[in-house]
Amino acid sequence: MSSPHASTELPKTYDPKAVEPRLYRHWEESGFFHEEPDPARPPFIIAMPPPNVTGRAHLGHGSTYTPMDVLTRYHRMRGDNADWLPGLDHAAIATEAVLVRELAKEGITRDSLGREGFIERAWEWSRTYGGTINSQFRTLGFGPDWQRERFTMDDGLSAAVRKVFVELYREGLIYRGKRLINWDPKGKTTVSDAEVDHVERDAHLWHVRYPAKDGTYAITVATTRPETMLGDVAIAVHPDDERYAALVGKHVCMPLTMREIPIVADASVEAAFGTGAVKVTPAHDPTDYEIGLRHELSMPSIMDFDARITGAEIEVGRYAGLERYEARRAIVEDLRASGHLVKEEAYRHAVAISERSGEVIEPLLSLQWFVKMKPLAEPALQAYRDGRLRFVPERYGRTYETWLENIRDWNISRQVWWGHQLPVWYTPGGDVVVAETEDEAREIAQRRFATSELVRDPDTLDTWFSSGLWPFSILGWPEKTPELECWYPSQVLVTGWEIIFLWVARMVMLGLHFVGQVPFPTVFISPLVFDAQGRKMSKSLGNAIDPMDLVESYGADAFRMGMLRQMRLEGQEIRFQESRCEEARNFNNKIWNATRYILSLPDGLPNAMTLPNVADLTLADAWILNRLHDTIEEMSRLLDAFDFGNAAETIWRFVWYEFCDWYVEATKAPENRATRAAVLSFVWNNAMRLLHPIAPFITEEVWLALPHDGATIMTATWPDHFEVPVDRDAARSFEALQRATERIRNLRSEMGLAPRQTLALETPENVPDAVASLLALYTMGDVERVAARGTTLDEALAAIEGRAPQALLLERNRKELARLRSEVERGEKKLGNAQFTAKAAPEVVAKEREKLDAYKNELRNVEAALAAMGEPV
RNA sequence: GUGCGUGUAGCUCAGUGGGAGAGCACCACCUUGACACGGUGGGGGUCGUAGGUUCAAUCCCUACCACGCACACCA
């Protein structure tokens, strides 16, 4: 597209495949995505949520990452110090699970490989597959600063993790303790509360009778988990429950081993549920754990990390070694046989499931590492409450607030190998040494415990611990780098609402604690993507759409536009319709062909910024410039407000329905010839810049083909509406012309005229030639002059009528008469209502009056026309 | 259970305290100096239900119904 006259050689259909990879390579090789910190310009920084290293692009990335790319490109064009910082997350548990599966295919187990060998394989795997999602992001046109790509397992980031751990430990905010944790028996690791889902499942409620030793009394409890009976240390009832008041303080026997346990009173028991009495197993249930603490009960574990019954801490009889569900079956059988099973009923309730593995969580009492959250949460709550942190849409702020208010300590140790190993060592005597490096640990051990013999804690840290540092660790913290100085805090975080707890809140807490400022003042929550029926997209349902397939079919620009046009500011989900991408491909083709037209004009195109003198502008010129002016203002406003759906819609309308349908057509009329080249060049150049953040490829291709300044549209300046002349009167007149056009086209249609057949237009003398001939172009009309009508151009335009068979005109006028009469009636009724004129806003009343007058005018016109046809009115 | 969100044309969704909108789909016509991945015209909705506030409600309030989501220690 280098020669202005080459368009006839251009294909009629835009081919994104021929454009997108070439432009992307050019952009990346030219370093257009790269930026250095520059305190002289306002920063616009987004830290990319690091995708899992094993991940692949899915539609969810479309709704989250496209807005980030749009914002970065927009702010770069505005001249900001804009940088989008990319990276990858090592995704400890997820990656380890994938790796274990891969090894299994080779017949290797994790343990046979050993820790070092396994980690080596994990690195190898990450290097091989870690590039996949990033290359997919390139295909989608995403332009982060690849030169600054980070990985959570990088040396620098790992050092930051160790430093944070050590500091929190020394401040007493990290501790080691035996607590009830969520054990994932499949992943063989603990998971945090935030990674546990509660899913409704069909189950049973068993009523079990616990008799007194001497058989004089008994108490019946209801349980869904009879296997935990082995670890029962008490029966609890509500203190106010009169049925059991006499039994509190007495003892009963747990029927399986006939061990005696006390009956205690605890307010957490719901008297109305089940039998009103509950068995207490502190080592295997969160509620029971709390009861156990309150009543200082012993807490024997009866299950090991394989979720098998173990007698290590308490007598478990013949059930030792049974897997938890085998044990449940056996125990129910035995209870039934011994007559202790009073009742068995079907019951549906929420079961705790590990988000990652889908396995039922086993609460276990275990020695683990925790972060004390309350002291960290308080400043994070404060930041939200005093407005230093806001959410878009606002309502998500309440989610954040509620969670922080009810926060519990965070279990951070994981029993996987792939991740940041705890910077913790133990002496043979069991003393704990926490240090950033092994050397430091040795030095401390020597000094404090007079030993150099240390064993490192095998556990690794929760993935979210390192991602919680992301906004500052990627900037080089704890070093005082220029990046950290200029680019912390970043300007906005974009993410899905499902990780507000897992990630957002933790970044805020850790950012405040270690850097002293919120990591971002604004959190934009992007919608989740579902299929057109509102179902979650999943491989098993077969309804998942691969964005790469969409790019293949429609191009990356079309994918982005198709996605953005479905986004709504307040929406929490997108019901994704592939047809939107197809429409967007058509839109791109429209742009392509409009460009072919513009370039094929014999006029040649002047410099993009040179408009004709205002006095020389035609009605159509003035109108399209008005529309451009307003569209620029609107686009800036919408992008600043993160309203991507309306931004996409706005530029779409401008390009297709205003520029192509009306203005480009107008340039085919003779009176627009003198100015059209300059106006087309100016407007189209601006339009491409407005569209560029959304559709980067085609806009670059077109912009480069048009007269332009600079090497790339990426760094072209964002359009400024103050540079576009505004003439509201001319714009209004053009709109009157549009209405006349529609009226006459409708008439043509009713007359059944073929498109090439001309229609005589009875045009009042006071419609200027230039305007009349434009109307003639729009309507395939022949201008025939009649006497002047009305005093304004608008009135004269409204009076233009096509010459049609008498009968047809008669019918149209009759219909029009009926319509206008009812309008006039409505207006008069409204204005005749004293309540309305007295109480409604004056401008509303005035507007109503204007409308009524206009209708009365039109009505007179129609009546006159009918009278002229000899119709009595 | 508590909280949040959504209910507008066949579908996906905009929208406003003062006469209901878009795209797609549908119907009809059409290769007019770029575009059939196109153009022009058209049909189609008592704005979930019932009350209330108001001169005026699709929009504000209340209740209800339906759907979705989050949180929650009824074992």
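It should be emphasised that the depicted structure is a prediction, and the values quoted were computed from it without experimental measurement. Atoms considered below: every heavy atom in the structure, side chains included; atoms not considered: hydrogens, waters and symmetry mates. All chains are named by letter (A, B, ...) in the order of the sequence lines, taking the proteins before the strands, and each is independently numbered beginning at 1.
- At least one donor-acceptor pair closer than 3.5 Å links the side chain of A/Asp557 to the backbone N or O of A/Phe697.
- A search for side chain to side chain contact (heavy atoms under 4.5 Å, CB included) contacts involving A/Glu825 returns nothing, not counting sequence neighbours.
- To the nearest whole angstrom, the two P atoms, one in B/rG48 and one in B/rC59, are 8 Å apart.
- In this structure, the side chain to side chain contact (heavy atoms under 4.5 Å, CB included) partners of A/Ala841, at least two apart in sequence or on a different chain, are A/Glu843, A/Val844.
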Given the rule that a pair is Watson-Crick or G-U wobble with both distances under 3.5 Å, how would you write RNA chain B in dot-bracket, using | for pairs to a different strand?
(((((((..((((....[..)))).(((((.......))))).....(((((..]....))))))))))))....
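- Ionic pairing of A/Glu848 and A/Arg826 is present here: one or more N-O contacts between side-chain nitrogen and carboxylate oxygen are shorter than 4.0 angstrom.
- Counting heavy-atom neighbours within 6.0 Å of A/Arg673 CZ, excluding the residue itself, gives a total above 12.
- Between A/Ser526 and A/Thr495 there is no side-chain heavy-atom pair separated by less than 4.5 Å.
- Heavy atoms of other residues, nucleotides or ligands lying less than 6.0 angstrom from CD of A/Glu200 number more than 12.
- Counting only heavy atoms from C-beta outward, the side chains of A/Arg179 and A/Leu365 never approach each other to under 4.5 Å.
- Here A/Arg748 lies out of heavy-atom contact (under 4.0 Å) with every strand.
- Against RNA chain B, the stretch residues 228-241 of chain A makes no heavy-atom approach under 4.0 Å.
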Scan nucleotides 68-75 of chain B nucleotide by nucleotide, 5' to 3', and note B when protein non-hydrogen atoms come under 4.0 Å of the base, S if they reach only the sugar-phosphate, - if neither.
BSSS-BBB
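- Here, B/rA63 and B/rC24 have their P atoms 41 Å apart, quoted to the whole Å.
- A distance of about 11 Å separates the P atoms of B/rA22 and B/rG42, rounded to the whole Å.
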Quick tally for nucleotides 25-33 of chain B: nucleotides whose base has a protein heavy atom under 4.0 Å get B, sugar-phosphate-only ones S, the rest -, giving -----S-SB
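- A/Asn411 and A/Asn182 are not linked by any side-chain donor-acceptor pair at a separation below 3.5 angstrom, with hydrogens and angles left out of the test.
- When the options A/Thr223, A/Asp288, A/Asp285, A/Thr228 are evaluated for a side chain to side chain donor-acceptor pair (under 3.5 Å) with A/Lys279, the one that passes is A/Thr228.
- Looking at A/Val351 and A/Val199, their side chains never come closer than 4.5 Å, going by heavy atoms from C-beta outward.
- Counting any heavy atom pair closer than 4.0 Å across all strands shown, A/Trp656 reaches sugar-phosphate atoms only and no base atom.
- Using atom P as the reference point in both B/rG39 and B/rU32, the two lie 14 Å apart (nearest Å).
- In this structure, A/Lys12 does not reach the B/rG38 phosphate: none of its side-chain N or O atoms is under 4.0 Å from OP1 or OP2.
- Regarding contacts with the backbone of B/rG42, a side-chain N or O of A/Asn746 is found under 4.0 angstrom from either OP1 or OP2.
- Across A/Phe654, A/Tyr778, A/Tyr657, A/Trp656, a single residue satisfies ring pair (Phe, Tyr, Trp, His ring centres under 6.0 Å) together with A/Trp662, and that is A/Tyr778.
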